[in-house]
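Below: the structure, in structure tokens.
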Amino acid sequence: MDRTSAGFDQLTRFWLESAPARGVVARLDESLIRALRDHDYPSAVRSVLRQLAGAAILLASNLKQPATIVLQAQGDGDVPLFCVEATRALTFRAYANVREGARITDSATLPAMLDRGGNGRFILTIDPDVGQMYQGIVALEYDTVAENLQSYLSNSQQTNTRVWLREDGEALEACLLERMPERDSEDDAKAWERAVASLGTTFAQPFMPFPYREWLNFTFAAEDVRVHPAQPVQFACPCSMDRVLNALKLVGADELMPLAEENGAIDTRCEFCGQAYSVDRTTLAALFAEQTANAAPSTRTLQ
Ligand SMILES: [Zn+2]
């Protein structure tokens with residue numbers, strides 16, 4: 001069995017005929033190692049980024065139109081920002097800001113790293129390729145990404161949603177189960193609880209390298225489970241010189257031109273993948289000349 005057919009770096013959507021539940025399960029493995037490879041983050045920071053990546057991929061698989069999900073945890077502690085982006089095509093990228101000199105222990109929790117005063121925020125943004133951006137912000141109430149996301153989804157969507165995120169070395173398994181609200185009889189309520197318990201049991205055990213069809217049949221042995229074809233999950237960073245130039249436009253000529261005059265160029269690095277970009281003085285001057293001619297700056301700020 002090769003790694004892909006064994007469920008590595010892939011996502012499967014499923015639903016139960018015998019219970020009012022549908023869900024999605026994913027494993028991020030080499031994609032996650034690649035996403036964090038060029039970063040020198042403390043172990044606890046890597047752990048949170050893995051969990052956020054799993055959460056973002058679960059959410060991205062539910063998008064109805066081409067869009068990017070941005071999951072952020074923000075505060076003013078040792079790690080003021082964790083950020084993961086995932087697309088409907090199931091690509092993702094991740095980074096964190098870690099304050100210089102911060103001493104972060106391996107057992108540091110998300111709230112402790114984010115904000116010792118308990119003022120951390122959890123922000124979910126849906127940025128469609130076409131159309132209006134949507135953003136939801138909630139206080140960070142729980143220690144784990146799974147609990148915070150579960151609480152956010154259950155409140156914002158008014159449907160009962162459960163989330164499991166489990167690290168397995170440098171890999172991560174993620175699962176989301178959503179209750180179908182139109183089925184609300186007493187039997188349906190019992191069947192939902194049964195399905196939640198079944199997933200809880202499987203997630204309490206070590207990873208089993210099964211294709212997800214087998215994994216789901218094993219997990220829901222008492223149910224009639226239907227499985228969609230698996231889709232690959234990949235690391236990808238869409239950063240480009242064009243995006244860098246757009247970002248520099250927003251910073252503005254007043255701030256950048258003196259630096260460019262002094263150093264000959266503006267050197268910047270993609271926070272997600274580490275790719276270096278250098279914009280020389282002449283290119284920068286032409287960029288701002290063009291901007292002055294065209295007036296309105298771009299509103300898209302991400303690299
Ligand atoms: Zn990049």
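Atoms within a ligand are numbered from 1 in the order they appear, just like the ligands themselves.
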Check: Trp215 ring centre within less than 6.0 Å of Tyr212 ring centre: yes
Basic-acidic side-chain contact under 4.0 Å: Arg27, Asp168: yes
Listed protein N/O/S atoms, distance to the Zn ion (ligand 1) under 2.8 Å: Cys237 SG, Cys239 SG, Cys270 SG, Cys273 SG
Under 3.5 Å, side-chain donor or acceptor atoms of residues 252-264 against the rest of the protein: list the pairs with distances, not counting sequence neighbours.
unit_1 : atom_1 : unit_2 : atom_2 : d
Glu261 : OE1    : Arg281 : NE     : 2.8
Glu261 : OE2    : Arg281 : NE     : 3.2
Asn263 : ND2    : Leu259 : O      : 3.4

Phe122 and Tyr152 aromatic ring geometry - parallel, tilted or perpendicular at 30°/60° bounds: perpendicular
Test item: Phe235 and Ile33 side chains (from C-beta on) under 4.5 Å apart, heavy atoms: no
Steps toward side chain to side chain donor-acceptor pair (under 3.5 Å) verdict (Gln51, Thr144): CA-CA 8 Å; Gln51 295 169 49; Thr144 68; 5.5 Å; no
